[in-house]
Every structure is written in C-alpha cells, then in structure tokens.
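Quick notes on the structure that follows.
Given the structure is predicted, the values throughout are model-derived calculations rather than measurements.
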Amino acid sequence: MPADDPVTVLSDEESWDLLSSTALGRFVVVTNGRAEIFPINYITQRRTLVFRTAPGTKLYHAVMSDQVAFEADGYTDVEGWSVIIQGRAHLLTAADEILDAEEAPLMAWPATVKPYFVRLLPLEVSGRRFRFGTAPVR
C-alpha cells in the first residue's frame, strides 16, 4: 500500500500484539440467522483467546456453534485499529486445560461467578490500522 494510504492491513504478528494490548472485545455467534454480540474481557494465550463465562446463552452458543467471531479495537488521537478473528470456541473441560487457563491473569470484570473457561481457536485473523484525517476532495 502507498505510504499515504489511510488504511493499513496488519500482519498476524501485529494483530496479536494489538489484541494482547487490550482486554475488552466482542464475542459474536449467529443463532437462528441473527447475530448475538457479547462484550467480554479476555486474555491472549499462545495465539488463542481465553475468556470466562457463566451458564447461559453465550456459553451455549459458544459450545454449540461451529463458527464464531471476535472483534477488538482501539484508538489514539491520530489512529485506530480493529482486529477480527473467525474461529471456533472450545469449552475447557480437561484438568490440564483448565489449570493452564487459570494460570493466565484473567479475572472476571463483573462481580459474578463465571466458572467456565472458553478458548477461541482462530481459523482466520484479519487486522486493519486506520489513520485519522479529513476525507479527500473528490
């Protein structure tokens, strides 16, 4: 892309670096043809995402869907970024998986019990950086 292009496609490495720099994103499932979007706090762990949840719609669809999505973004005064992951969610049930997730510094933000760990396994990662400015004259 030209140096003056306001949109830059990010490498996988840049995308994961940005995902690791924040802790809040949106977990997306499609149920009955309708997108359900859940804000989640998460942590990256070996190029996967891990989050905690309680029984309910989010957990059910995370486990039952063969395709889920996740999006996180951020911005400064001069630029913004967005990273999207398409993948599959996996409920952690094996003792070693749960222990591994518990070692990550992931705390549930709301003061509720969230006994389940879910790992998002990426199939595709895409990221963009956006330089802010005025629109060009046509």
Side-chain angles (χ1 to χ4, degrees):
M1 278 184 220
D4 61 344
D5 194 331
V7 179
T8 304
V9 175
L10 301 174
S11 68
D12 279 359
E13 189 71 32
E14 291 169 310
S15 294
W16 283 106
D17 286 347
L18 289 168
L19 287 173
S20 296
S21 74
T22 188
L24 182 64
R26 287 156 293 287
F27 180 70
V28 183
V29 296
V30 176
T31 175
N32 298 324
R34 181 177 164 195
E36 298 281 346
I37 303 169
F38 303 94
I40 61 168
N41 66 297
Y42 70 94
I43 192 159
T44 60
Q45 193 178 47
R46 295 180 306 283
R47 293 199 174 205
T48 67
L49 297 179
V50 177
F51 66 92
R52 297 183 79 139
T53 191
T57 304
K58 182 179 11 172
L59 177 60
Y60 175 80
H61 289 294
V63 173
M64 297 305 292
S65 298
D66 63 348
Q67 186 77 21
V68 298
F70 173 83
E71 192 269 344
D73 50 42
Y75 65 93
T76 66
D77 290 343
V78 296
E79 68 180 14
W81 61 268
S82 174
V83 175
I84 297 171
I85 295 178
Q86 302 287 334
R88 291 196 171 87
H90 170 68
L91 175 65
L92 303 185
T93 57
D96 61 331
E97 291 177 318
I98 294 169
L99 186 60
D100 184 44
E102 285 177 338
E103 290 176 358
L106 174 64
M107 301 300 292
W109 283 5
T112 59
V113 176
K114 296 193 177 210
Y116 298 103
F117 286 97
V118 175
R119 185 178 302 277
L120 178 55
L121 306 168
L123 298 173
E124 180 183 327
V125 177
S126 62
R128 305 280 184 278
R129 186 179 307 277
F130 311 98
R131 187 170 27 94
F132 298 151
T134 56
V137 178
R138 288 186 178 238

* Are any non-hydrogen side-chain atoms of L10 and L18 less than 4.5 angstrom apart? -> yes
* Asked: Is there a side-chain contact between R47 and D12, using heavy atoms and a 4.5 Å cut-off?
  -> yes
* In this structure, which one of R26, K58, R52 forms a side-chain contact (heavy atoms from CB on, under 4.5 Å) with I40? -> K58
* Any side-chain heavy-atom pair from I43 and P105 closer than 4.5 angstrom? -> yes
* May I ask you to decide if L19's main-chain N or O and Y42's side chain share a donor-acceptor pair within less than 3.5 Å? => yes
* R129 bridged to D73 by N-O distance under 4.0 Å -> no
* **Check: R119 and Q45 side chains under 4.5 Å, non-hydrogen atoms** => yes
* To do: Rounded to the nearest 0.5 Å, what's the gap from CG on D5 to CZ on F130? Could you check?
  => 11.0 Å
* Asked: Closest approach of L59 and A54, non-hydrogen atoms and distance?
  -> CB-O, 3.6 Å
* Asked: Taking C-beta and beyond as the side chain, do V9 and R128 meet within less than 4.5 Å on heavy atoms?
  -> yes
* To do: For S65 and V68, indicate whether the former's side chain and the latter's backbone hold a donor-acceptor pair under 3.5 Å.
  => no
* To do: Verify, without hydrogens or angle tests, whether N32 (side chain) and R34 (backbone) share a donor-acceptor contact under 3.5 angstrom.
  => no
* For the student: nearest non-hydrogen atoms of L24 and A72, plus distance -> O-CB, 3.9 Å
* Any donor-acceptor pair under 3.5 Å from T76 side chain to E79 backbone -> yes
* Asked: Just wondering, do F38 and T57 contact through their side chains at under 4.5 Å, heavy atoms?
  -> yes
* Structure fact -> Of all heavy-atom pairs linking D66 and R88, the shortest is O-NE, 3.0 Å
* Within-4.5 Å side-chain heavy-atom neighbours: N41 and L106 -> yes
* **Backbone of D100 reached by a side-chain donor or acceptor of E103 within 3.5 Å** => no
* **Heavy-atom check, side chain of F132 versus side chain of V78, under 4.5 Å** => no
* Where F27 and A89 come nearest, the two heavy atoms and their spacing -> CZ-CB, 4.3 Å
* To do: Decide yes or no on side chain to side chain contact (heavy atoms under 4.5 Å, CB included) for F70 and I84, but give the supporting numbers first.
  => CA-CA 6 Å; F70 173 83; I84 297 171; over 6 Å; no
